Amino acid sequence: MPQPQPATAPLTMRAVSQDRAGAPDVLKVVETVRPEPGRGEILVRVHAAGVNPADWKTRARGVFGTGATPPFTLGFDVAGVVEAVGAGVTIFGPGDEVFGMPRFPHPAGAYAEYVTAPARHFAPRPRGLDAVQAAALPLASLTAWQALVDTARLQAGERVLVHAAAGGVGHLAVQIAKARGAYVIATASTAKHDLLRTLGADEVIDYRTQDVADTVRDVDVALDSIGGPNWTHSLRTLRPGGILVSLVPPDDTFPVQQAEEAGVRAAFMLVEPDQQGLREIGALVEDGRLRVIVEAVLPLEQAAQAHTLGETGRTTGKIVLTVAPAPGRH
């Protein structure tokens, strides 16, 4: 009689996982089952993964608004190469270089050798951009794009105030606003002013020595990633009809009524996966009108160190993890 054949063992991969919420040391490299693409999905071999404030907040507090609990693998920003495609996928094929922010606000699982996600959560990697730079872009650039272009409907000639302008979202927002023809006012510590001017800021203010609410006037759009008292301070800078776009989830102090009384608007925006937005951002990169600043590049195994560095709040631009295959893997 023919002998039964042993079942094929599932393919595995390395990933950074956590089994509880907590400090950076909860992040551990584990061996886990490699995912397979479902209908409408692609399997991406990850070359690099961006690190964002959303990552360390999720690590410490759980997944924002989804009810998901550990264990899970963090990471929202992905850059890599398509390894395989699921049924029905026609826009990508194996070997295509892609980048994206799939599944947000659910973690894409980017701190791993492979991820799967809907094909249309990705876009082609911009020409001339390496994997590290591409991995630094999706969440931060889409946040800036959706806040300024989709939410505020920024027009040429308008005045934009970008708080924390040297940060991950901020330095990209300065460039996107400038590319749209806006007059850009940026806040940052003095040491970062020269950089922001090279990125296109028309005015730069040191928030530690100047009161922005007393210094800035007639702003059409204020982009705030700080929250708290900064919300009401930002309202004072707006002209009638202007808008405050907050990237910080609102609490009882979010000044909706104050905004209405002042003849302006206050809105909270949560970024969404957006292939068209990624393509628009890619076009700006290829035209030389948008560049991403990467302050630190660390290997996947040092995810905890990357979080510790990011939580200082003093980084300029982005932090990126590189994902190299384990020895013996291809």
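Keep in mind it's a predicted model, so treat the numbers as computed, not measured.
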>> Between Arg314 and Gly310 (side chain of the first, backbone of the second, donor and acceptor by atom type, cut-off under 3.5 Å), is there such a pair?
In response: no

>> I need the minimum non-hydrogen distance between Ala177 and Val184, along with the two atoms involved.
In response: CB-CG2, 3.8 Å

> If you look at every heavy atom in Thr73 and Pro107, which pair is closest and at what distance?
Replying inline: O-CB, 3.4 Å

> Run the side-chain contact (heavy atoms from CB on, under 4.5 Å) check on Arg180 and Leu148 step by step: do they pass?
Replying inline: CA-CA 9 Å; Arg180 304 287 292 185; Leu148 296 174; over 6 Å; no

> Knowing that exactly one of Asp202, Leu154, Ile185 qualifies, which makes a side chain to side chain contact (heavy atoms under 4.5 Å, CB included) with Arg159?
Replying inline: Ile185

>> For Glu41, is there an ion pair with Arg103 - N to carboxylate O distance below 4.0 angstrom?
In response: yes

> For Thr32, does its backbone N or O pair with a side-chain atom of Thr12 as donor and acceptor, under 3.5 Å?
Replying inline: no

>> I need the Gln175 CD to Ser141 OG distance, nearest 0.5 Å.
In response: 10.5 Å

>> Keeping Lys192 on the side-chain end and Ala166 on the backbone end, is there a donor-acceptor pair under 3.5 Å?
In response: no

>> If we check side chain to side chain contact (heavy atoms under 4.5 Å, CB included) with Val51, which of these qualifies: Asp77, Leu309, Ile319, Val320?
In response: Ile319

>> Under a plain distance cut-off of 3.5 Å, with no hydrogens placed, do Trp231 and Thr253 share a side-chain donor-acceptor pair?
In response: no

>> Quick check: is Ile281 connected to Val245 through a chain of hydrophobic side chains (ILVMFWY, heavy atoms under 4.5 Å apart)?
In response: yes

>> Salt bridge or not between Glu301 and Arg14? Use side-chain N to carboxylate O under 4.0 Å.
In response: yes

>> Can you tell me how far apart CD1 (Ile42) and OG1 (Thr116) are? Round to the nearest 0.5 Å.
In response: 9.5 Å

> What pair of heavy atoms forms the shortest contact from Ala21 to Pro70, and how long is it?
Replying inline: N-CG, 3.9 Å

>> Please check: side-chain N/O of Asp96 versus main-chain N/O of Gly93, any donor-acceptor pairing under 3.5 Å?
In response: yes

>> Phe104 and side chain to side chain contact (heavy atoms under 4.5 Å, CB included): which single residue from Asp274, Thr143, Val271, Leu142 fits?
In response: Val271

>> Give me the atom names and distance for the closest heavy-atom approach of Phe76 to Pro102.
In response: O-CD, 3.7 Å

> Once you round to the nearest 0.5 Å, how far does CG of Asp55 lie from CD of Glu311?
Replying inline: 10.5 Å

>> So, using side-chain contact (heavy atoms from CB on, under 4.5 Å) as the criterion, who are the partners of Pro53 when residues are at least two apart?
In response: Trp56, Lys57

> Rounded to the nearest 0.5 Å, how far apart are CZ of Arg153 and CD of Gln155?
Replying inline: 9.0 Å

> Checking His193 side chain against Ala188 main chain: does a donor-acceptor pair fall under 3.5 Å?
Replying inline: yes

> Of the options Leu199, Leu129, Leu172, Val285, which is the one that meets Arg291 in a side chain to side chain contact (heavy atoms under 4.5 Å, CB included)?
Replying inline: Leu199

> Nearest heavy-atom pair of Ala112 and Met13: which atoms, and what distance?
Replying inline: CB-CE, 3.9 Å

